[in-house]
There are 2 protein chains.
Amino acid sequence: MRPTTKDLAKAAGVSLATVDRVLNGRPGVRAETVEAVNAAIRRIGYERNISAANLARGRRYRLEFMLPSSGDQFLDTLVDRIEETRVAFAGEHTEVRHRRVLGNDPHQIAALLSGIGPQDADGIAIMAPETPQVRDATMRLIERGVKVVQFVSGQPGARRLDFVGVDNNAAGATAGRLMGKFCAHRPGRILVIADTMNARDNLERRQGFDAVLTRDYPGLQALPSLETHGDPGRTDRIVRAFFSNYSDIVGVYVLSSETRIALQAIDRAGHLAGRQAIAHERTSFNEQMLRAGTLDAIIAQNPGHLVRSAIRVLRSRCDGREPLASQEEIRIEILIRENLGHATG
Amino acid sequence: MRPTTKDLAKAAGVSLATVDRVLNGRPGVRAETVEAVNAAIRRIGYERNISAANLARGRRYRLEFMLPSSGDQFLDTLVDRIEETRVAFAGEHTEVRHRRVLGNDPHQIAALLSGIGPQDADGIAIMAPETPQVRDATMRLIERGVKVVQFVSGQPGARRLDFVGVDNNAAGATAGRLMGKFCAHRPGRILVIADTMNARDNLERRQGFDAVLTRDYPGLQALPSLETHGDPGRTDRIVRAFFSNYSDIVGVYVLSSETRIALQAIDRAGHLAGRQAIAHERTSFNEQMLRAGTLDAIIAQNPGHLVRSAIRVLRSRCDGREPLASQEEIRIEILIRENLGHATG
DNA sequence: AATACTTTGAGGTACGCACCTCAAAATTAT
DNA sequence: ATAATTTTGAGGTGCGTACCTCAAAGTATT
């Protein structure tokens, strides 16, 4: 049987009240008594029963995800995973909600953050472009006592803010390495395409991609980033122009998580066959392209892991604990046809 | 506030006792009353408080991992992860132990399993070669009321037994695809090497590897499997022989999770440079080789996920619930230098 | 209508812990 | 030595659920 507080009290030679004071850091206990209790904890191997503690405490974690409303399939998957964990964590005193903020307008996001306080949520995961305004609003939110993690968009480590997501520079570098190894036999140019290059994530991926290519694969030359801006017609035209200008395009790299417009334009023009193609995120569209052999590899981050990790980090912060950095590192996954498995998650 | 059983009773217009009977599937409730309670559950959004339920039930899950004692670094990592989760799950009514069984002797493993009963453990994760003897002992163990999962070694889906691990055929196919794409520019032979080909896992990997190569990369020819048998001297000799017999070896594939002897022998002979090399499992040795550029890719399964998944499956079975197959699928990970990250986990 | 049987209600105890109060004991200051 | 203060103990309540008992109400069988 696992030792309880009662056993601990007996072992330490004190009363339950004193054990309670020590365990919960309440005042009014002599230093030597504290030490005696701690010694007993180690001696009998006492471990707090977290479920019982939370039950008694009536503690609840109210967490919220703030996501952009304009979204691709990757974002939809994230929302699905949030809904799943909403159910899964309900039994663990954790309420998970999500909200989709209109557009990418930093003003509006900042305004929304200003309206949030400890009465609304204990922790918030924010997926938003990191502008000075958003950043300021975030800092004030934290000062008001709300825990915050930067979600998916952001930068690991660099800031004092918690970040859950992948290092996009490394993700781009991963794509670069694969492209390099896939194309090493024939020098040529690489078409790089994205929905927009205004997003910081895309810029970082591009940087990582270029770094590997220029260092290790001098035979491959990455073309300037082509932007779709979500416009199929425009994309069709530019793609055609690029392929008629450059006859030696050997690979295609889609930077952004929105891949559909880009890939379909290239495919329509008949330019995908025989070329290496790499894209980001495991969306059903990308998965289909990979199975069909149109895409050669997908660089992905697991949406389920992202969501659960953000929740764990926020809960740790709510408890005043430091999250386990090693456990919360999100992997950059490489998917090819053979390791796709069955589930999308 | 979240609805409790009390609220549920009121909403359903029945007593707490009846609610309890319905929730816990106890007999003595009319079918229409059951339906009324279920309707109320959906209506008010009642969700069982798992912590409170477990507390009241006083339930404990005693789980045990049975692992081979002779082991490579991968096995050591598994043990480390088990120890970690031992602590992490202690607060969730779950005791996790592990035992390392001497050798790979099926007799001994079977004998050991015969000695285990419900008084020792509620669930066991077994990592052992699947011989008829072991299989029989496992089935009898299950009949005695102990839940069992096949761990790492085994086959997904095919059996009625739960399995936690990757599909080794797919893992081999993944290696095959990568090798194919990495070497597509120069036809030649692939050296395939393992500690032993008596292990079923290794056979399956080989099968998957060959299937992809013969189908999609006819220019590449995989040589017969070379076995190290854990003997560096012997390995040195065979490796030399192979490389002098075949001058067109363009790639090396190490099947087994024990990679050290094989890779060091080839490296010593100076035959790794300029060739594509792929191995299995993220051991510190493999990681080092990958960072050094000696290895080109690692096919891995995440030890932490393996352990936690096995625990979740066993707990589900102990509760008489069906585990969520989609959540428990272990990913076949592809690691290259750029997506290694920091932690080994 | 009497009997047997099924279904339901009321109420209690327990799980391990948090958090509270009040009084008793021990220690320190005067 | 007495007063003031700190430290400790004893005891209680409640969190949400499981599981038990016993009696009351309902239904089916003869």
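Order of the sequence lines fixes the chain letters, A, B, ..., with proteins taken first and strands second; residue numbering starts at 1 for each chain. Keep in mind it's a predicted model, so treat the numbers as computed, not measured.
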Contact check, side chains of A/Val152 and A/Val164, non-hydrogen atoms, under 4.5 Å: no
Any side-chain N or O of A/Asn24 below 4.0 angstrom from OP1/OP2 of C/dA18? yes
At under 4.0 Å, does any side-chain N or O of A/Tyr46 touch on OP1 or OP2 of C/dG16? no
Using heavy-atom distances to pick each residue's nearest nucleotide on DNA chain C, tell me which of B/Gly28 and B/Arg57 is more 5'. B/Gly28
Classify B/Ala53 by what it touches in the nucleic acid, base, sugar-phosphate, or nothing, heavy-atom distance under 4.0 Å. sugar-phosphate
In whole Å, I'd like the distance from the CG atom of A/Asp7 to the P atom of C/dG16. 9 Å
Is there a side-chain contact between B/Arg30 and the phosphate of D/dG26, meaning an N or O under 4.0 Å from OP1 or OP2? no
Which whole-number value in Å describes the distance from A/Leu55 CG to D/dC15 P? 9 Å
Send over the distance from A/Ile41 CD1 to C/dC17 P, rounded to a whole Å. 11 Å
Protein-nucleotide distance (B/Leu16, atom CG; D/dC19, atom C1'), rounded to Å: 13 Å
As a test of reading the structure: which of D/dT17, C/dA10, D/dG9 is closest to the side chain of A/Ser15, going by heavy atoms? D/dG9
A/Asn49 CG to C/dC15 C1': how many Å, rounded? 9 Å
Check every atom of C/dC17, D/dT17, D/dG9 against the side chain of A/Val14 and return the nucleotide holding the closest atom. D/dG9
What is the minimum heavy-atom distance between A/Ile126 and A/Thr138, and which atoms define it? CD1-OG1, 4.1 Å
Is it the case that C/dG9 (base atoms only) and B/Arg21 (side chain only) share a donor and an acceptor within less than 3.5 Å, ignoring hydrogens and angles? yes
Charged N to carboxylate O below 4.0 Å: is that the case for A/Asp76 and A/Arg100? yes
Atom NZ of A/Lys6 to atom C1' of D/dG11: distance rounded to whole Å? 12 Å
Name the nucleic acid region contacted by B/Gly58, choosing base, sugar-phosphate or nothing; use a 4.0 angstrom heavy-atom cut-off, strictly under. nothing
Phosphate oxygens OP1/OP2 of C/dC19: is one of them under 4.0 Å from a side-chain N or O of A/Arg26? yes
Phosphate oxygens OP1/OP2 of C/dC17: is one of them under 4.0 Å from a side-chain N or O of A/Thr5? yes
Using salt bridge (charged side-chain N to carboxylate O under 4.0 Å, His left out), reason through A/Arg26 and A/Asp20 one step at a time and then give a plain yes or no. CA-CA 8 Å; A/Arg26 277 184 261 277; A/Asp20 175 68; 2.9 Å; yes
Using the rule side chain to side chain donor-acceptor pair (under 3.5 Å), only one of A/Glu83, A/Glu64, A/Arg86 pairs with A/His98; which is it? A/Glu83
Is there a donor-acceptor pair closer than 3.5 Å between any side-chain N or O of A/Arg48 and the backbone N or O of A/Leu23? yes
To the nearest angstrom, the CD-C1' distance between A/Glu35 and D/dT7 comes to 17 Å
B/Glu32 CD to D/dG26 P, straight-line distance once rounded to whole Å: 14 Å
Does B/Thr4 place a side-chain N or O at less than 4.0 Å from the phosphate oxygens OP1/OP2 of D/dG16? no
The side chain of B/Ala52 lies closest to which of these nucleotides: C/dA18, D/dT8, D/dG16? D/dG16
Which nucleotide in C/dA18, D/dG16, D/dA10 has an atom nearest any side-chain atom of A/Asp20: C/dA18
